[in-house]
Amino acid sequence: MPSFQTRLKITGLRPGYAPESVMDTAVEVLGTRHHVESHQLQISGGVPQLNLRFLVEATEDSGEDQQARESAAMMRDAVERVALTGTLSVLRRSRGKWLPV
C-alpha cells in the first residue's frame, strides 16, 4: 500500500479546546478513511506542524494521490474546528523520498 504524509501548520488554538485536541482530531478523522502509521508534532520555522503518515489502498497512482489529497483536506476541515491552520502539504513516499503530490 502506498504511504503518504500530510503536514499541517497550526497557527493558533480556538477558545475552549486543549492543545492535545488538535492532534486527537487529526488522527481520528484521518483514521476513518486510512490506516494512520504515525503522527507527531514538530516545530517548523517556529510554527507547530502536525505530521501524519498514512496508507492508501493500492489502485493506480493518480487515484491514490487524489484519495490522499481529499483525506488531507477532510482532516484539515476537522482540525479547523479546534485550531487555526496554515499551510497543508501532502507528500507521497517514492523510492525512499517524500515527494509532493
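Quick note: numbers below take in every heavy atom, side chains included, and nothing from hydrogens, waters or symmetry partners.
Under the 4.5 Å side-chain heavy-atom criterion for grouping Ile, Leu, Val, Met, Phe, Trp and Tyr, V22 is connected to Y17 within one hydrophobic cluster. The hydrophobic cluster containing L30 also contains L41, counting ILVMFWY residues as joined when their side-chain heavy atoms lie under 4.5 angstrom apart, directly or transitively.
Side-chain heavy-atom separations under 4.5 angstrom define the hydrophobic clusters, and the remaining members of the one that includes M1 are L55. Clustering of Ile, Leu, Val, Met, Phe, Trp and Tyr by side-chain heavy atoms under 4.5 Å joins W98 with L91.
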Checking side chain to side chain contact (heavy atoms under 4.5 Å, CB included) for the pair R69/D65: CA distance, chi angles, key distance, verdict? CA-CA 6 Å; R69 282 191 297 270; D65 292 350; 3.7 Å; yes
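Nearest heavy atom pair, residue Q49 against residue S44, reads OE1-CB, 3.9 Å. Residues L99 and S94 approach most closely at CD1-CB, 3.8 Å, considering heavy atoms. In this structure, T6 and A72 approach most closely via the heavy-atom pair OG1-CB, 3.7 Å. Across A78 and V29, no two heavy atoms sit closer than the pair CB-CG2, 3.4 Å.
Between the side chains of K9 and T85, not a single donor N or O lies within less than 3.5 Å of an accepting N or O. One side chain, R7 or Q5, offers a donor N or O that lies under 3.5 Å from an acceptor on the other. Using modelled atom types, one finds no donor on one side chain facing an acceptor on the other under 3.5 Å when comparing Q40 with S38.
Counting heavy atoms from C-beta on, the side chains of S3 and R92 never come closer than 4.5 Å. V47 is not listed as a side-chain neighbour of I10, based on a closest heavy-atom distance of 4.5 Å or more. Counting only heavy atoms from C-beta outward, the side chains of V90 and P100 never approach each other to under 4.5 Å. M75 places none of its side-chain heavy atoms less than 4.5 Å from the side chain of T25. With a 4.5 Å cut-off on side-chain heavy atoms, N51 and H39 do not count as touching. Within the 4.5 Å cutoff, no side-chain heavy atoms of R53 are placed close to those of V36. Counting heavy atoms from C-beta outward, E64 and E57 have side chains that stay 4.5 Å or more apart.
A donor-acceptor pair under 3.5 Å is absent between the side-chain atoms of S71 and the main chain of A68, judged by distance alone.
Interatomic distance, CZ of R81 versus OG of S21, reported as 11.5 Å (0.5 Å rounding).
Between F4 and F54, the angle of the ring planes stays under 30°, which puts this pair in the parallel group of the 30/60° scheme.
Within a 6.0 Å radius of CD in E28, other residues, nucleotides and ligands contribute 12 heavy atoms or fewer.
Salt-bridge formation is not detected for the pair E80/R14: no Lys NZ or Arg NE/NH1/NH2 atom is positioned less than 4.0 Å from an Asp or Glu carboxylate oxygen.
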